[in-house]
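Reviewing the structure listed below.
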Amino acid sequence: NAGVTQTPKFRVLKTGQSMTLLCAQDMNHEYMYWYRQDPGMGLRLIHYSVGEGTTAKGEVPDGYNVSRLKKQNFLLGLESAAPSQTSVYFCASSYEAGGASTEAFFGQGTRLTVV
Amino acid sequence: DAKTTQPPSMDCAEGRAANLPCNHSTISGNEYVYWYRQIHSQGPQYIIHGLKNNETNEMASLIITEDRKSSTLILPHATLRDTAVYYCIVRVLDGTSYGKLTFGQGTILTVHP
């Protein structure tokens, strides 16, 4: 059982380049999330999805787009990378159903540097 | 979600109990207290959660005060591998928060030999 897998683990981009981060989960979770973590700070929510074909903005969505075409995958896109997007990106998934919830399972992170 | 306050850092000797406090004085009646930890920039890992009763699992114990304004995470026998950033998070479980976790600065726990 792989849990949550992020691809790639490391990437260096030039300013203005685009890229897509892939998150895959094998737990059949409806809910998926993208967070970013900057040095010395906690995680901040970028976008999330409550099911296949649905996405919503989180706390810091500007400069990012997401798609959830398949239940098990959640893609985070950077159309025109900026140095301010240098960060560690974490994907997570969870089961949510009203008053019941599993804990969130996190991937190992993608370290992105924009130069 | 209610705001939490944690000390920025704590130390603990290996083999001793680590008691990590969290203040959540504005917590609402339907908000749960969650604890996660993050070891050396890995993805956060769930530890435990509770509403108002004390909880225990294989990793830790969670003690919530009767007025629910604060809680303590207890690692009963800390090891070097417990060195991590510990996050105390409060959230509702009524289907409105969509599982969103609001991370603060957390407490850096350092376990010494």
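Letters A, B, ... are given to chains in the order of the sequence lines, protein chains preceding strands, and every chain is numbered from 1.
Only the side chain of A:Leu45 comes within contact range of chain B, with at least one heavy atom under 4.5 Å from a heavy atom of that chain. Contact of A:Glu30 with chain B is not made at all, since no heavy-atom distance falls under 4.5 Å.
Listed by chain and residue number, B:Tyr87, B:Ile108 satisfy the side-chain contact (heavy atoms from CB on, under 4.5 Å) test with B:Val85 (two or more places apart in sequence, or in another chain).
When the heavy atoms of residues 82-91 of chain A are compared with those of chain B, the residues falling under 4.5 Å are A:Phe90, listed by number.
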Worksheet item: Do B:Thr65 and B:Asp67 pass the side-chain hydrogen bond (donor to acceptor under 3.5 Å, both in side chains) test, and can you show the C-alpha distance, the side-chain angles, and the key distance before you say yes or no?
Response: CA-CA 5 Å; B:Thr65 58; B:Asp67 63 7; 2.8 Å; yes
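A salt bridge is defined here as a Lys NZ or Arg NE, NH1 or NH2 lying under 4.0 Å from an Asp or Glu carboxylate O, and A:Lys70 with A:Glu52 fails to meet this definition.
Applying the disulfide (SG to SG under 2.5 Å) test to every pair with at least one member in residues 28-75 of chain B, sequence neighbours left out, gives no pairs at all.
Within the model, atoms CD1 of B:Ile27 and CD1 of B:Ile64 stand 7.0 Å from one another, a figure rounded to the nearest 0.5 Å.
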Show which side-chain atoms of residues 107-115 of chain A pair as donor or acceptor with protein atoms under 3.5 Å away, not counting sequence neighbours.
from: A:Thr110; atom 1: OG1; to: A:Gln6; atom 2: NE2; distance (Å): 3.3
from: A:Thr110; atom 1: OG1; to: A:Pro8; atom 2: O; distance (Å): 2.6

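Environment of CD in B:Gln42: crowded, with over 12 heavy atoms of neighbouring residues, nucleotides or ligands closer than 6.0 Å.
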